[in-house]
Asks: 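Here's a structure for you.
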Amino acid sequence: TAKERGGNRVHVFNTQQRTLLRDRMDMGVHLRGAVARGELELAYQPVVSVAKREITGMEALVRWRSPQLGLVTPDRFIPLAEDLGLIPDIGQWVLVQACQQARRWLDCGVGDFVLSVNVSGLQMRGQQVIEDVSRALDGARLPARYLELELTEKAIMGDPDHVASLMRELRKIGVSLSMDDFGIGHSSLGLMQRFPVNRLKIDRSFVSAVPNDVGAARICRAILGLAHEFGCTVVAEGVETPLQLGFLERNGCEYIQGHYLGEPVSADGMLARLRNPSLRTADQGNRGDAGS
Ligand code: C2E
Ligand code: MG
Ligand code: MG
Ligand code: MG
């Protein structure tokens with residue numbers, strides 16, 4: 001009966017909640033010390049210039065290879081790390097590793113690129129990030145122009161004045177800045193004037209719905225217009241099909257990122273792509289894999 005089903009639902013819900021909570025506590029226990037035990041690693045996803053049909057950069061995406069839990073994606077452990085106060089350590093580790101990897105690619109003789117690193121809002125408290133970024137660059141002997149920091153709208157809206165001043169400092173060092181997941185947060189148009197960003201990244205939820213969804217298409221075009229009005233370029237994230245690429249190209253989007261252009265790969269995998277940076281679409285990539 002309906003009543004029994006309802007009863008079951010409540011019971012299942014509670015069990016699920018309890019399981020979630022226990023999983024989270026387990027994960028927290030293992031996550032502490034994960035950096036020190038060397039369990040984190042970075043994957044790199046290509047960022048492609050639409051005009052050049054070429055890889056012009058990559059985004060560093062952290063993964064956690066836990067002996068107990070297997071490979072954990074950042075969507076699952078970054079929010080927990082934020083709650084547990086582990087972000088300073090993890091954030092600094094990511095910065096240092098990313099800069100050192102960029103140095104290694106340069107030493108291999110590949111051409112120019114921009115490496116994007118995600119920064120949590122919690123890293124934008126105080127002045128620490130300025131020193132952390134400078135140290136990571138110096139330690140790797142990496143010129144600042146190779147590094148871009150990605151901030152979400154949420155990360156900057158916590159303390160907008162403070163974050164705006166940090167962002168100006170970071171730009172002075174010479175790194176570039178992008179606004180990640182743009183369009184889903186609570187940013188106002190005024191934000192564009194106050195925060196010195198070089199690029200906007202259109203959130204995947206809009207990109208994945210074009211060209212068929214009229215609303216998503218309008219939002220993408222509006223973001224492109226807004227960005228260009230303020231002298232920013234645009235990266236569309238989550239491009240999975242040639243139709244999406246076509247839509248973005250017609251509407252003047254400069255950069256694209258997504259499974260159609262390449263999934264996140266190891267540093268060596270990225271080196272191979274940097275050595276042959278011409279656009280390789282998902283179909284061609286699959287053909288290559290099948291042959292090996
Ligand atoms: P993000 O910065 O928006 O990164 C893009 C995410 O979309 C990545 O997920 C990437 O693998 C995924 N993605 C890219 N192209 C496609 C596509 O075509 N289709 C689909 N379905 N997904 C695609 P990932 O690696 O799981 O990272 C998730 C989020 O975790 C990131 O979103 C970012 O907010 C956060 N994150 C990752 N690395 C770091 C880090 O080092 N520090 C911090 N604070 N956050 C990080
Ligand atoms: Mg990002
Ligand atoms: Mg993003
Ligand atoms: Mg996203």
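All ligand and atom numbering here is 1-based and tracks the order in the structure.
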Asks: Check ligand 1 against Glu237 and write out every atom of the ligand that is under 4.0 Å from a heavy-atom position of the residue.
Replies: 3 (O)

Asks: Are any of the N/O atoms on Glu240, whether in the backbone or the side chain, positioned under 3.5 angstrom from an N/O atom of ligand 1?
Replies: yes

Asks: Evaluating non-hydrogen atoms only, which member of Val207, Asp203, Leu122, Asp180 is closest to atom 1 (P) of ligand 1?
Replies: Asp180

Asks: Under a 4.0 Å heavy-atom limit, does Glu59 contact ligand 1 with its side chain, its backbone, both, or neither?
Replies: side chain

Asks: Which residues pass the salt bridge (Lys or Arg N to Asp or Glu O under 4.0 Å) test with Glu169, not counting sequence neighbours?
Replies: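 Lys172.
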
Asks: If you take the nearest heavy atom of each of Asn118, Leu61, Thr152, which one is closest to atom 4 (O) of ligand 1?
Replies: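 That would be Leu61.
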
Asks: Give every residue pair that meets the ring-ring contact (aromatic ring centres under 6.0 Å, His included) criterion with at least one member in residues 73-96, sequence neighbours excluded.
Replies: Trp64-Phe77

Asks: Could you grab the distance from atom CG of Asp213 to atom OG of Ser205, nearest 0.5 Å is fine?
Replies: 10.0 Å

Asks: Tell me the ring-ring contact (aromatic ring centres under 6.0 Å, His included) pairs involving residues 16-44, sequence neighbours left out?
Replies: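 Qualifying pairs: Tyr44-Trp105.
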
Asks: Does ligand 1 have a heavy atom under 4.0 Å from the side chain of Glu263, from its backbone, from both, or from neither?
Replies: neither

Asks: In this structure, are over 12 heavy atoms from other groups packed under 6.0 Å from Arg125 atom CZ?
Replies: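 At most 12 heavy atoms, drawn from other residues, nucleotides or ligands, come within 6.0 Å of this atom.
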
Asks: Return yes if some donor-acceptor pair links the side-chain N/O of Glu254 with the main-chain N/O of Val234 below 3.5 Å, else return no.
Replies: yes

Asks: Does the side-chain hydrogen bond (donor to acceptor under 3.5 Å, both in side chains) test come out yes or no for Arg104 and Gln101, once each step is laid out?
Replies: CA-CA 5 Å; Arg104 285 193 287 270; Gln101 186 53 58; 2.9 Å; yes

Asks: From atom 29 (C) of ligand 1, work out which of Thr241, Asp75, Leu95 has a heavy atom at the shortest distance.
Replies: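 Checking each option, the heavy atom nearest atom 29 (C) of ligand 1 is found in Asp75.
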
Asks: Got a second to check how far Arg76's CZ is from Leu31's CG, nearest 0.5 Å?
Replies: 11.5 Å

Asks: Whether the Glu59 and Gln257 side chains hold a donor-acceptor pair (N or O, under 3.5 Å, no angle test) is what I'd like checked.
Replies: yes

Asks: Which atoms of ligand 1 sit under 4.0 Å from any heavy atom of Ser120?
Replies: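 Those of ligand 1 that fall under 4.0 Å from Ser120 are 44 (N).
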
Asks: Side chain, backbone, both or neither: which part of Leu42 comes within less than 4.0 Å of ligand 1 when only heavy atoms are counted?
Replies: neither

Asks: Distance from Leu166 atom CG to Gln128 atom CD, nearest 0.5 Å?
Replies: 11.0 Å

Asks: Does the N or O separation between His259 and ligand 1 drop below 3.5 Å for any pair?
Replies: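 N/O-N/O distance below 3.5 Å exists for this pair.
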
Asks: Atoms of ligand 1 less than 4.0 Å from Pro264 heavy atoms?
Replies: 11 (O)

Asks: Just distances here: any N/O of Gln123 and N/O of ligand 1 closer than 3.5 Å?
Replies: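 There is no such contact.
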
Asks: Looking just at side-chain N and O atoms, do Glu148 and Asn198 make a donor-acceptor pair shorter than 3.5 Å?
Replies: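 Side chains of Glu148 and Asn198: no pair found under 3.5 Å.
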
Asks: Can any side-chain N or O of Arg145 pair as donor or acceptor with the backbone N or O of Val175 at less than 3.5 Å?
Replies: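 Absent.
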
Asks: Considering only heavy atoms, does Val117 approach ligand 1 within less than 4.0 Å through its side chain, its backbone, both, or neither?
Replies: neither

Asks: Within the 4.0 Å heavy-atom shell around Gly238, which atoms of ligand 1 are there?
Replies: 15 (N), 16 (C), 17 (C), 18 (O)

Asks: Below 4.0 angstrom from a heavy atom of Pro74, which ligand 1 atoms are there? Numbered from 1 as shown, please.
Replies: 24 (P), 25 (O), 26 (O), 27 (O), 28 (C), 30 (O), 36 (N), 37 (C)

Asks: Examine the proximity of ligand 1 to Val94 and report which part, side chain or backbone, both or neither, has a heavy atom under 4.0 Å away.
Replies: side chain

Asks: What are the protein N/O/S atoms, named by residue and atom, that sit under 2.8 Å from the Mg ion (ligand 2)?
Replies: Glu59 OE2, Asn118 OD1, Glu150 OE1, Asp180 OD2

Asks: Under a 3.5 Å distance rule, please check whether Gln244 uses its side chain to pair with a backbone N or O of Thr241 as donor and acceptor.
Replies: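 Confirmed, Gln244 side chain pairs with Thr241 backbone.
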
Asks: Tell me, with the steps shown, if Ser120 and Glu82 meet side-chain hydrogen bond (donor to acceptor under 3.5 Å, both in side chains).
Replies: CA-CA 8 Å; Ser120 161; Glu82 288 177 335; 2.8 Å; yes

